[in-house]
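Computed over heavy atoms, backbone and side chain alike; hydrogens, waters and symmetry mates excluded. Count residues from 1 along the sequence. Remember, it's a predicted structure, so these values are computed and weren't measured experimentally.
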Amino acid sequence: MSLWEYANPVKFIRTTDKVLPWIWALAGVSLSVGLIWGFFFTPNDFRQGSTVKIIYIHVPSALMAINAWLMMLVASLVWIVRRHHVSALAARAAAPVGAVMTVIALATGAFWGQPMWGTWWAWDPRLTSFLILFLFYLGYMALWEAIENDDTAADLTSILCLVGSVFAILSRYAVNFWNQGLHQGATLSLDKEENISDVFWFPLLVCIAGFVLLFIALVFLRTQTEIRARRTRALMAREGQA
């Protein structure tokens, strides 16, 4: 069985219909366990107090904001190379989800930063690159809506996605590229010594898993909707020509 078989819209819908209930359930359990564990069963930080618990929403949403765009990049490359419509529609479906994740990351970052930095916003490298990434999300969605021909829209948005990927990478590694700025370094690292304390780390991992599963479920659901909407437009066009 080839992975490309799922580029068939009918097979994609049938397969995702089977797995979606399980993904929704796992996402709900992971988010419930992670957030309840993090907010109610972890101590306050000795420096940040209870505000440290924003981490359970801020970090997962920030990770998904970046990775959503990278997922769109992969789907766009598949469209450019293989011309599979499901991949283009999956990229389109992921954009609003990624945009919402970016807004959540920016908002929770502001609420976290105000008591820590004394300001709601600073033109910090990571914050600025995140804001630009959000503008790319808006531009991507606007471009899809502005072009009537789906294939032309997929081509142009794929190019935009390639350009926007630079800012997705900058959002992830801005702290490493520039020493200046208020934002801290990585909260999670392959180097165990750089990770936060285990008491915060384990519930955070559960929250991240929940956000990942939620993203997958939303993208599957929205991709199904995009496929059906494309079919509807095609049928209406045929009836108009008849």
Side-chain angles (χ1 to χ4, degrees), residues 3-13 15-16 20 23 61-107 126-174 211-238 240:
L3 180 64
W4 302 115
E5 291 183 20
Y6 295 96
N8 181 290
V10 174
K11 188 174 183 61
F12 178 86
I13 290 177
T15 303
T16 51
L20 262 175
I23 299 175
S61 61
L63 285 174
M64 293 316 304
I66 298 168
N67 289 315
W69 191 275
L70 296 180
M71 171 262 160
M72 291 162 55
L73 171 63
V74 173
S76 297
L77 290 174
V78 171
W79 163 253
I80 292 172
V81 176
R82 303 289 297 235
R83 311 302 285 182
H84 288 316
H85 288 96
V86 170
S87 62
L89 296 178
R92 182 179 186 178
V97 184
V100 171
M101 292 292 182
T102 308
V103 170
I104 294 173
L106 288 170
R126 179 169 286 183
L127 298 181
T128 304
S129 59
F130 242 86
L131 177 61
I132 296 173
L133 178 63
F134 175 64
L135 296 178
F136 266 98
Y137 271 118
L138 295 182
Y140 180 93
M141 292 185 289
L143 190 56
W144 264 108
E145 296 297 329
I147 301 173
E148 292 186 6
N149 184 278
D150 286 341
D151 288 356
T152 302
D155 289 335
L156 294 178
T157 53
S158 294
I159 295 172
L160 179 62
C161 193
L162 290 172
V163 177
S165 298
V166 174
F167 289 94
I169 294 172
L170 285 177
S171 299
R172 174 63 181 87
Y173 296 105
F211 269 75
V212 170
L213 291 166
L214 177 63
F215 172 77
I216 293 172
L218 289 172
V219 171
F220 279 173
L221 181 63
R222 285 186 50 78
T223 303
Q224 290 182 344
T225 302
E226 293 292 346
I227 291 172
R228 293 186 175 106
R230 182 185 176 92
R231 284 181 177 177
T232 301
R233 289 193 297 270
L235 290 173
M236 292 177 65
R238 289 177 185 176

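- Here the CD1 atom belonging to Ile13 is positioned 9.5 Å from the OG1 atom belonging to Thr223, to the nearest 0.5 angstrom.
- Residues forming a side-chain hydrogen bond (donor to acceptor under 3.5 Å, both in side chains) with Tyr137 (at least two apart in sequence, or on another chain): none.
- A salt bridge (Lys or Arg N to Asp or Glu O under 4.0 Å) check over residues 61-72, counting only residues at least two apart or in different chains, returns nothing.
- Annotation for Thr152 and Asn149: closest pair N-OD1, 2.9 Å, computed over non-hydrogen atoms.
- Using a 4.5 Å heavy-atom cutoff, the side chains of Leu70 and Asn67 are in contact.
- Screening residues 89-100 for side chain to side chain donor-acceptor pair (under 3.5 Å), with sequence neighbours left out, gives Arg92-Glu145.
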Can you list, pair by pair, the side-chain donor-acceptor contacts under 3.5 Å of residues 211-221, counting residues two or more places apart and other chains?
none

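- In this structure, the side-chain hydrogen bond (donor to acceptor under 3.5 Å, both in side chains) partners of Gln224, at least two apart in sequence or on a different chain, are Thr16, Asp17.
- Between Ala90 and Met71 the shortest heavy-atom distance is O-CE, 3.7 Å.
- The two atoms that bring Ala68 and Gly98 nearest to each other are CB-CA, 3.8 Å, heavy atoms only.
- Sorted by first and then second residue, the salt bridge (Lys or Arg N to Asp or Glu O under 4.0 Å) pairs involving residues 61-81 (not counting sequence neighbours) form an empty list.
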Per-pair distances, 0.1 Å, donor-acceptor, side chain in residues 157-164, under 3.5 Å, sequence neighbours excluded:
from, atom 1, to, atom 2, distance (Å)
Thr157, OG1, Trp144, NE1, 3.4
Thr157, OG1, Ala153, O, 2.7
Thr157, OG1, Ala154, O, 3.2
Ser158, OG, Ala154, O, 2.6

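- Here the shortest heavy-atom pairing between Arg222 and Pro96 reads NH2-CG, 3.2 Å.
- A search for ring-ring contact (aromatic ring centres under 6.0 Å, His included) contacts involving Phe134 returns nothing, not counting sequence neighbours.
- For the residue pair Ile227 and Val86, the shortest heavy atom distance occurs at CD1-CG2, 4.2 Å.
- Using cut-offs of 30° and 60° on the angle between ring planes, the pair His85 and Trp79 is tilted.
- Here the OG1-CG distance, from Thr15 to Leu20, works out to 10.5 Å after rounding to the nearest 0.5 Å.
- Under the salt bridge (Lys or Arg N to Asp or Glu O under 4.0 Å) criterion, the residue pairs touching residues 76-87 are Arg83-Asp155, with sequence neighbours excluded.
- Contacts classified as side chain to side chain donor-acceptor pair (under 3.5 Å) and involving residues 93-104 (residues at least two apart or in different chains) are not found.
- Of all non-hydrogen atoms in Met72 and Ala94, the two that sit nearest each other are CG-CB, 3.8 Å.
- In this view, Arg228 satisfies the side-chain hydrogen bond (donor to acceptor under 3.5 Å, both in side chains) rule with no residue, not counting sequence neighbours.
- For the side chain to side chain contact (heavy atoms under 4.5 Å, CB included) with Ser165, the qualifying choice from Val74, Leu73, Leu77, Ile66 is Leu73, the only one to do so.
- Every residue meeting the side-chain hydrogen bond (donor to acceptor under 3.5 Å, both in side chains) condition with Asp150, not counting sequence neighbours, appears here in chain and number order: Arg230, Arg233.
- Atom OG of Ser61 is separated from atom CG of Leu63 by 8.0 Å, given to the nearest 0.5 angstrom.
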